[in-house]
There are 2 protein chains.
Amino acid sequence: MDSNFTIAVHSLVYLAYLPGHMASSEAIAHNVATNPVRIRKVMSALRNEGLVKTKEGVRGGYMLGEDPGKITLGHIYEAIARGALQPDWQTGDPKCGCPISSNTQSVMDLIFKEAEDSYASFLNQFTVASVLLQIKADK
Amino acid sequence: MDSNFTIAVHSLVYLAYLPGHMASSEAIAHNVATNPVRIRKVMSALRNEGLVKTKEGVRGGYMLGEDPGKITLGHIYEAIARGALQPDWQTGDPKCGCPISSNTQSVMDLIFKEAEDSYASFLNQFTVASVLLQIKADK
DNA sequence: TGGAACTGTAACAAATAAAATTACAGTATG
DNA sequence: CATACTGTAATTTTATTTGTTACAGTTCCA
């Protein structure tokens, strides 16, 4: 999977950490170690879910859309990475006569969907606030 | 992630499906819709975990190493895809003064490891035999 | 006993996906 | 109205995934 989920978590934790709870894409990009355009794209996806709020124009930037203790990693995952666990490439050939070759795709599809639900719900035990605490405690 | 896990599951289900429970890399590759070399690589990894047995030489190929009902998808995942859930790319810079930038990597690392454990254990509810049944029932 | 049918790998090439860059229109602020 | 921002599209660069070729080693059996 791509790193958008990690970037999203890092960015939100960074916002939670800052006194003003606000930063520009450039400041976030610097902390995350990537480029501002990428941060803006990630933030756009988070904004659609209400996880951040945007302020355009001079002295604009991003701020948390909710209390850090209310934003779970599962929610972040759903907002930005849904489907990332399943490989794009599929095995078999749906038009093939063999039932294994033709049906494995749809069965694996279902298994991946269920597994991803379980993954996202596992991630719900973490919040931006709890990750921030872990990071502060980390030596 | 790459598709090795899906290929592994498909291959083992295919072996379980065949009357003789045995097939060459070429036959498996054809069913999976990939090339024989790739199947051999996947099978090598599965062999290290005892999930398949190999027979070299004429009329050789691969056969199941255990009862299809005993092989769980979690075990297959561990054998071939451990670590695939975590992106290679990491955020932040461990040498940076800011605690967020420098510690997010190790904290996310731990979260991904735990999440992957939970993912693999979710997959343990499925076996090669149960997937085969699902595939046969699929219309 | 030697050629055919296999696996095991390594090395390389092609295709695809992820990340970075560039560019520019739109928006608030002072 | 110049400046400092976001939003997004287009493009380039880089990394990863997949496929191919090549060949040594193993077993079978004619």
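Order of the sequence lines fixes the chain letters, A, B, ..., with proteins taken first and strands second; residue numbering starts at 1 for each chain.
Side-chain atoms of Q105(B) come within 3.5 Å of backbone N or O of T91(B) as a donor-acceptor pair. Here the side chain of S24(B) pairs a donor or acceptor atom with the backbone of A27(B) at under 3.5 angstrom. Under a 3.5 Å cut-off, the side chain of S101(B) and the backbone N or O of D93(B) do form a donor-acceptor pair.
Within the 4.0 Å cut-off from OP1 or OP2 of dA19(C), at least one side-chain nitrogen or oxygen of S3(A) is found. Not one side-chain nitrogen or oxygen of S24(B) sits closer than 4.0 Å to the OP1 or OP2 atom of dC6(C). The side chain of R47(B) places no N or O atom within less than 4.0 Å of a non-bridging phosphate oxygen (OP1 or OP2) of dT7(C). Of the side-chain N and O atoms in T34(A), none sit less than 4.0 angstrom from OP1 or OP2 of dA19(C). Here T54(B) does not reach the OP1 or OP2 of dT7(C): none of its side-chain N or O atoms lies under 4.0 Å away. At the phosphate of dT8(D), OP1 or OP2 sits under 4.0 Å from a side-chain N or O atom of S44(A).
Between the CG atom of D88(B) and the P atom of dT14(D) there is a distance of 18 Å, given to the nearest Å. Following rounding to the nearest Å, D2(A) (CG) and dT14(D) (C1') show an atom-to-atom distance of 15 Å. Computed from coordinates, the N35(B) CG to dA14(C) C1' distance equals 12 Å when rounded to whole Å. For E26(B) and dG8(C), the CD to C1' distance is 16 Å, given to the nearest whole Å. In this structure, N48(A) places its CG atom 13 Å from C1' of dT8(D), rounding to the nearest Å. One can place CD1 of I28(A) at 11 Å from P of dG7(D), the figure rounded to the nearest angstrom. I39(B) places its CD1 atom 13 Å from the C1' atom of dT7(C), with the value rounded to the nearest Å. Atoms CH2 (W89(B)) and C1' (dA17(C)) sit 15 Å apart, rounded to a whole Å.
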Test side-chain hydrogen bond (donor to acceptor under 3.5 Å, both in side chains) applied to Y119(A) and E116(B), step by step: CA-CA 8 Å; Y119(A) 186 77; E116(B) 189 168 48; over 6 Å; no
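The base of dG19(D) lies outside donor-acceptor range of the side chain of R38(B), with no N or O pair under 3.5 Å.
A salt bridge links R82(B) to D117(B): at least one charged side-chain nitrogen sits closer than 4.0 Å to a carboxylate oxygen.
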Report, as a single string ordered 5' to 3', how protein heavy atoms within less than 4.0 Å touch nucleotides 24-30 of chain D: B base, S sugar-phosphate only, - not at all. --BBBS-
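Between R40(A) and V37(B), the residue whose closest nucleotide on DNA chain D is further toward the 5' end is R40(A). Each of K41(B) and I7(A) has a nearest nucleotide on DNA chain C; the 5'-most of these lies closest to K41(B).
A donor-acceptor pair shorter than 3.5 Å can be found between the side chains of N31(A) and H10(A).
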Without placing hydrogens or testing angles, list every side-chain donor-acceptor pair under 3.5 Å for residues 130-138 of chain A, not counting sequence neighbours.
residue : atom : partner : partner atom : Å
S130(A) : OG   : T127(A) : N            : 2.9
S130(A) : OG   : T127(A) : O            : 3.0
D138(A) : OD2  : S106(B) : OG           : 2.6

